[in-house]
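Quick notes on the structure that follows.
Residue numbers start at 1 and run along the sequence shown.
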Amino acid sequence: MQATPSSFRLAYVPGVTPTKWVRVWGERLPDVPLALVAVPAEGGTEALVSGGADAGLVRLPVDRTVLSAIPLYTETTVVVIPKDHWLAAAEEVAVADLAEEVVLHPLDDTIGWESLPGLPAFERPATTADAIELVAAGIGVLAVPQSLARLHHRRDLTYRTLADVPQSQVVLSWREDRTTDLVEEFIGIVRGRTVNSSRGRGAQPQEKPAAQQKAGAKQKPGQQKTPQQKPKRPAAAGGRARGGAGASGGSGGARRGKPRGR
């Protein structure tokens with residue numbers, strides 16, 4: 001038997017909110033603390049491969065030669081702009097609308113563009129946070145997953161949905177050769193499994209209802225119940241014979257009285 005680890009380490013990248021899953025973990029496995037490990041946008045794979053975390057909520061791509069991954073959700077891509085920018089009047093922005101805009105491309109980009117829209121900047125910002133500062137300074141605009149736009153919210157900035165562009169996908173990932181019971185438990189939580197349907201250590205054996213168990217004890221396998229016979233109707237009061245003769249039957253059922261004249 002494997003010893004129960006002292007904790008479960010869950011890595012997560014910026015913009016991902018693991019709160020609801022952490023809460024369910026605490027309810028199901030109160031004896032195993034869940035430790036959150038914040039990693040940079042590009043550091044999820046490294047943390048998992050090196051053993052710095054047991055599992056991680058990260059963005060694609062991941063190294064599939066070493067890691068397993070379960071898709072969780074796909075994020076909407078938005079463009080971050082100053083509040084007084086002309087694009088702020090639109091509800092949704094098209095790629096063509098960015099043709100004359102400088103679109104910043106940080107080194108920790110999470111979208112994975114094949115071809116970045118708009119005009120390129122002179123240099124790439126080191127991080128998304130740095131790119132946000134440049135947007136506020138009027139240097140350009142920035143396309144990011146919506147969760148990152150919310151994470152780096154500023155009063156002087158806003159964002160609009162960017163249509164028909166690549167999107168960032170968040171996955172649950174872990175080392176394939178370290179698929180432990182606790183990893184299986186967390187997989188069950190993010191997939192919405194109940195306690196009894198989970199494959200992890202928190203799963204409880206399902207018991208048969210008491211009535212079902214009693215019925216199983218009385219009846220042997222393969223044995224069919226014999227149908228019960230209906231009870232015989234008791235003889236009617238008033239002199240009916242046991243043989244079952246009716247009112248128009250034999251002598252036992254004849255009426256007394258004067259004989260009719262011929």
Side-chain angles (χ1 to χ4, degrees), residues 10-23 36-47 56-62 69-173 190 192:
L10 178 68
Y12 69 101
V13 295
V16 176
T17 307
T19 308
K20 61 180 179 180
W21 298 313
V22 172
R23 176 181 53 79
L36 291 174
V37 181
V39 296
E42 70 283 2
T45 294
E46 182 182 352
L57 301 170
V58 299
R59 290 188 174 88
L60 292 180
V62 297
I70 296 175
L72 298 180
Y73 57 90
T74 300
E75 292 199 72
T76 300
T77 300
V78 301
V79 57
V80 181
I81 51 179
K83 278 191 173 180
D84 58 356
H85 196 281
W86 70 275
L87 288 173
E91 293 184 359
E92 184 177 88
V93 176
V95 173
D97 297 330
L98 302 179
E100 301 300 322
E101 299 290 333
V102 173
V103 179
L104 302 168
H105 192 200
L107 295 175
D108 63 355
D109 172 65
T110 59
I111 296 179
W113 299 93
E114 291 184 5
S115 177
L116 192 71
L119 303 173
F122 288 110
E123 60 182 27
R124 297 181 64 180
T127 65
T128 298
D130 292 335
I132 291 288
E133 295 296 326
L134 293 176
V135 174
I139 304 300
V141 299
L142 175 66
V144 290
Q146 186 173 0
S147 65
L148 290 181
R150 290 174 175 171
L151 178 66
H152 296 290
H153 171 71
R154 291 175 51 123
R155 291 184 179 179
D156 54 345
L157 299 181
T158 186
Y159 61 84
R160 295 293 183 267
T161 300
L162 189 55
D164 301 324
V165 294
Q167 295 175 312
S168 176
Q169 189 170 20
V170 176
V171 300
L172 171 64
S173 187
V190 300

Identify each donor-acceptor pair in which a side-chain atom of residues 131-141 lies under 3.5 Å from a protein atom, sequence neighbours left out, and give them as a table.
residue : atom : partner : partner atom : Å
Glu133  : OE1  : Arg154  : NH1          : 3.1
Glu133  : OE2  : Arg154  : NH1          : 3.3

Which pair of non-hydrogen atoms, one from [X] and one from [Y], has the smallest distance, and what is that distance?
X      : Y      : answer
Leu57  : Val16  : CB-CG1, 3.7 Å
Ala143 : Ile111 : O-CD1, 3.6 Å
Ala69  : Val62  : CB-CG2, 4.2 Å
Ala126 : Leu107 : O-CB, 3.5 Å
Val39  : Ala47  : CG1-CB, 3.9 Å
Ala88  : Ile81  : N-CD1, 3.6 Å

Any chance you could measure [X], atom [atom1], to [Y], atom [atom2], to the nearest 0.5 Å?
X      : Y      : atom1 : atom2 : value
Leu116 : Leu104 : CG    : CG    : 9.0 Å
His152 : Leu148 : NE2   : CG    : 5.5 Å
Gln167 : Thr110 : CD    : OG1   : 11.5 Å
Tyr73  : Ser168 : OH    : OG    : 8.5 Å
Leu157 : Lys83  : CG    : NZ    : 8.5 Å
Trp21  : Leu172 : CH2   : CG    : 8.0 Å

Just grab all the salt bridge (charged side-chain N to carboxylate O under 4.0 Å, His left out) pairs involving [range], residues at least two apart or on different chains.
range            : answer
residues 88-97   : none
residues 134-152 : none
residues 109-131 : none
residues 69-79   : Arg59-Glu75

Evaluate whether atom [atom1] of [X] has more than 12 neighbouring non-hydrogen atoms of other residues, nucleotides or ligands under 6.0 angstrom away.
X      : atom1 : answer
Glu46  : CD    : no
Phe122 : CZ    : no
Asp164 : CG    : no

Would you sort out whether Thr76 and Tyr159 count as a side chain to side chain contact (heavy atoms under 4.5 Å, CB included), showing the intermediate values?
CA-CA 11 Å; Thr76 300; Tyr159 61 84; over 6 Å; no
| Can you name the residues that form a side chain to side chain donor-acceptor pair (under 3.5 Å) with Ser173, not counting sequence neighbours? |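 For Ser173, no residue satisfies side chain to side chain donor-acceptor pair (under 3.5 Å) once neighbours in sequence are set aside.
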Answer whether the closest heavy-atom distance between the side chains of [X] and [Y] falls below 4.5 Å.
X      : Y      : value
Leu36  : Tyr12  : yes
Asp156 : Pro82  : no
Val165 : Val95  : yes
Val144 : Pro106 : no

**Prompt:** Going through the checks in order, is the side chain to side chain contact (heavy atoms under 4.5 Å, CB included) test met by Thr45 and Val58?
**Reply:** CA-CA 8 Å; Thr45 294; Val58 299; 5.8 Å; no
Would Asp108 and Thr128 count as having a side-chain donor-acceptor pair, cut-off 3.5 Å?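 Per modelled atom types, Asp108 and Thr128 side chains form a pair under 3.5 Å.
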Q) Could you go step by step and tell me if Leu98 and Val93 meet the side chain to side chain contact (heavy atoms under 4.5 Å, CB included) rule? A) CA-CA 8 Å; Leu98 302 179; Val93 176; 4.2 Å; yes
